[in-house]
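Here's the structure we're looking at; comments come further down.
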Amino acid sequence: MSKEAVIVAIAGGGSTFTPGIVNALLSGLDRFPVVEIRLYDIDGSRVELMGGLIKRIIEISKALIKVMVTTDGKEAFTGVDFVFSQIRAGGLKMREVDEKIPLKYGAIGQETCGAGGFSYGFRTMKAFIPLVKMIYSYAPDAWILNYTNPESIVAEIIRRTFPKAKIINACDMTISLEETMAENLGYNRDDFVPEYYGLNHFGWYRKIYDKSLQRDILPEILEKISGKGLELHEFQADDESWQATYKMLGRMIADFPGYFPNSYFEYYLYSDQVLAKSDKNYTRANEVMDSRERDVYSLAREIQENPMTPIPKAEKSKHGQYIVDMAVSILNDSHDRFLLIVPNEGSIENVRSDAVVEVPAYVGATGVESITMGKIPDFHKGLIEAQCAAEKLLVDAFVEQDYYKALQAFTLNQAVPSATVAKKCLDEFIIANGDYWPELHK
Ligand code: G6P
Ligand code: MN
């Protein structure tokens with residue numbers, strides 16, 4: 001891999017997150033010299049439109065970066081150094097289906113949690129494995145930095161299918177949590193050394209050492225936000241759903257003191273409350289389609305009609321920044337610390353070693369080195385082990401095409417209230433997903 005001229009491909013290039021990633025790449029060119037960005041997507045018209053927007057962003061920045069837009073895997077991945085993957089199998093239309101079917105039966109309707117997350121899990125596994133095989137057939141030495149949801153399930157199938165592959169699984173939720181803590185309470189996130197453990201979207205902070213204050217600041221953070229929660233002031237500030245989620249943290253911390261939970265626990269621990277305020281006919285997918293998706297694509301269409309269209313202030317997303325920071329750490333072998341989704345292998349001592357956990361890890365030219373977290377409390381261990389078993393059963397069901405394992409997985413999921421509901425969701429998802437899912441045999 002050349003350190004002077006890096007080629008990056010974005011799989012799922014048509015995603016509305018692509019501009020944020022490109023802006024993060026543009027702001028980090030001194031550390032990460034990208035000469036070519038390839039946008040790969042199976043949806044040709046979408047990625048074409050996105051390509052126009054990305055070319056305009058790069059033109060305005062005056063950076064000398066070539067942009068390729070393609071639906072052809074050979075073209076996209078041949079000779080590439082890094083692949084950033086953020087595919088969404090079935091698009092937002094299927095996210096809507098994932099969210100709405102469980103709601104019909106009184107269960108949480110959510111992108112990565114509960115029955116909907118498992119529906120998405122099957123779809124993603126079916127799309128992601130051939131994608132990885134294709135990437136390595138054209139670029140055997142490439143690094144894949146993976147953000148593809150639902151990440152716990154994706155990371156588990158990767159652990160089984162490509163145990164030696166150069167794939168790093170990461171999620172931006174913890175960055176958003178940390179940045180919001182820092183912004184609300186007057187800390188600097190760059191000074192944070194967090195201790196966090198769990199599964200993806202399913203973990204807790206037990207310590208946040210602040211390098212400049214030279215102490216663990218988690219106790220004071222918990223005290224300040226217990227019962228109150230956090231507020232988003234910049235990124236997503238006008239998004240009521242995310243505001244409600246950040247507020248809910250206050251309730252969770254008041255009820256279960258001593259640790260800072262991932263916000264996604266609202267769907268598992270307070271599903272009754274989330275359900276009470278859910279609209280069966282208008283879910284998060286509809287909100288996203290009517291906001292981010294609409295805004296980004298209307299701008300892309302304007303640019304297609306008038307290439308000189310001005311672009312609002314370039315935002316680099318947290319998601320984009322994190323992915324670029326990881327790539328920099330690999331390229332420069334700098335061993336920076338991240339929270340990553342890795343095979344447990346003893347990191348959390350009292351959780352099964354073949355779990356895929358989210359823990360602190362250092363990233364360098366040879367990959368990821370996670371740290372040892374020791375033992376965790378029973379409340380966390382119990383939740384983790386049940387969720388992990390449910391996810392493993394889902395992956396077994398996928399590999400073995402076994403309906404009954406799928407039903408076990410759905411039933412064990414802690415956001416699914418009963419086997420009755422699990423079966424209703426599973427049976428309806430089989431029909432709704434059609435060829436997006438593997439065939440399941442009884
Ligand atoms: C966070 C999570 C992602 C998830 C996203 C959903 O960033 O880490 O895994 O996909 O939230 O956000 P949205 O605005 O699409 O509901
Ligand atoms: Mn995530």
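One is the number of the first residue; the rest follow in order along the sequence. We count ligands from 1, going down the list as the structure has it; atoms in each ligand are counted the same way.
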Contact partition for R95 relative to ligand 1, non-hydrogen atoms under 4.0 Å: side chain
Plane angle bin for F202 and Y268 - parallel if under 30°, tilted between 30 and 60°, otherwise perpendicular: perpendicular
Carboxylate-amine/guanidinium proximity below 4.0 Å for K211 and D190: no
Contacting atoms of ligand 1, where contact means under 4.0 angstrom from a heavy atom of V288: 15 (O)
Residue pair V47 / V69: nearest heavy atoms and the distance that separates them: O-CG1, 3.5 Å
Residue portion contacting ligand 1 (non-hydrogen atoms closer than 4.0 Å) for R284: side chain
Angular separation of H201 NE2 and C171 SG about the Mn ion (ligand 2), given to 10°: 90°
E151 touching ligand 1 at heavy-atom level, < 4.0 angstrom: no
Contact check, T112 vs ligand 1, heavy-atom distance below 4.0 Å: no
Which segment of E111 sits under 4.0 Å of ligand 1 when only heavy atoms are counted: side chain
Q86 to ligand 1, any heavy atom closer than 4.0 Å: no
NZ/NE/NH1/NH2 to OD/OE distance under 4.0 Å, K100 and E428: no
Audit row: W204, F265, ring-ring contact (aromatic ring centres under 6.0 Å, His included) steps and yes/no: CA-CA 10 Å; W204 297 263; F265 278 110; 4.5 Å; yes
Minimum heavy-atom distance S85-L131, with the two atoms named: OG-CD2, 4.1 Å
From H201, R284, R88, residue fulfilling side-chain hydrogen bond (donor to acceptor under 3.5 Å, both in side chains) relative to E111: R88
Minimum side-chain heavy-atom gap S61-L26 below 4.5 Å: yes
Atom 9 (O) of ligand 1: the protein heavy-atom neighbour that sits closest, reported with distance to 0.1 Å: N149 ND2, 2.6 Å
Salt-bridge criterion met for R160 and D396 (N-O under 4.0 Å): yes
Atom indices of ligand 1, in the order listed, that fall short of 4.0 Å to a heavy atom of R292: 13 (P), 14 (O), 15 (O)
For ligand 1, the portion of H201 having any non-hydrogen atom under 4.0 Å away: side chain
Test of proximity, W242 against ligand 1: N or O pairs below 3.5 Å: yes
Nearest non-hydrogen protein atom, atom 8 (O) of ligand 1: D172 OD1, 2.6 Å
D239 N/O under 3.5 Å from ligand 1 N/O: no
Atoms of ligand 1 close to M173 [distance to a heavy atom under 4.0 angstrom, numbered from 1]: 1 (C), 8 (O)
Residue-ligand contact Y264/ligand 1, heavy atom below 4.0 Å: yes
Short N-O contact, E349 and K381, less than 4.0 angstrom: no
Plane angle bin for Y197 and H380 - parallel if under 30°, tilted between 30 and 60°, otherwise perpendicular: tilted
Proximal ligand 1 atoms for C171, defined as those under 4.0 Å from one of its heavy atoms: 8 (O)
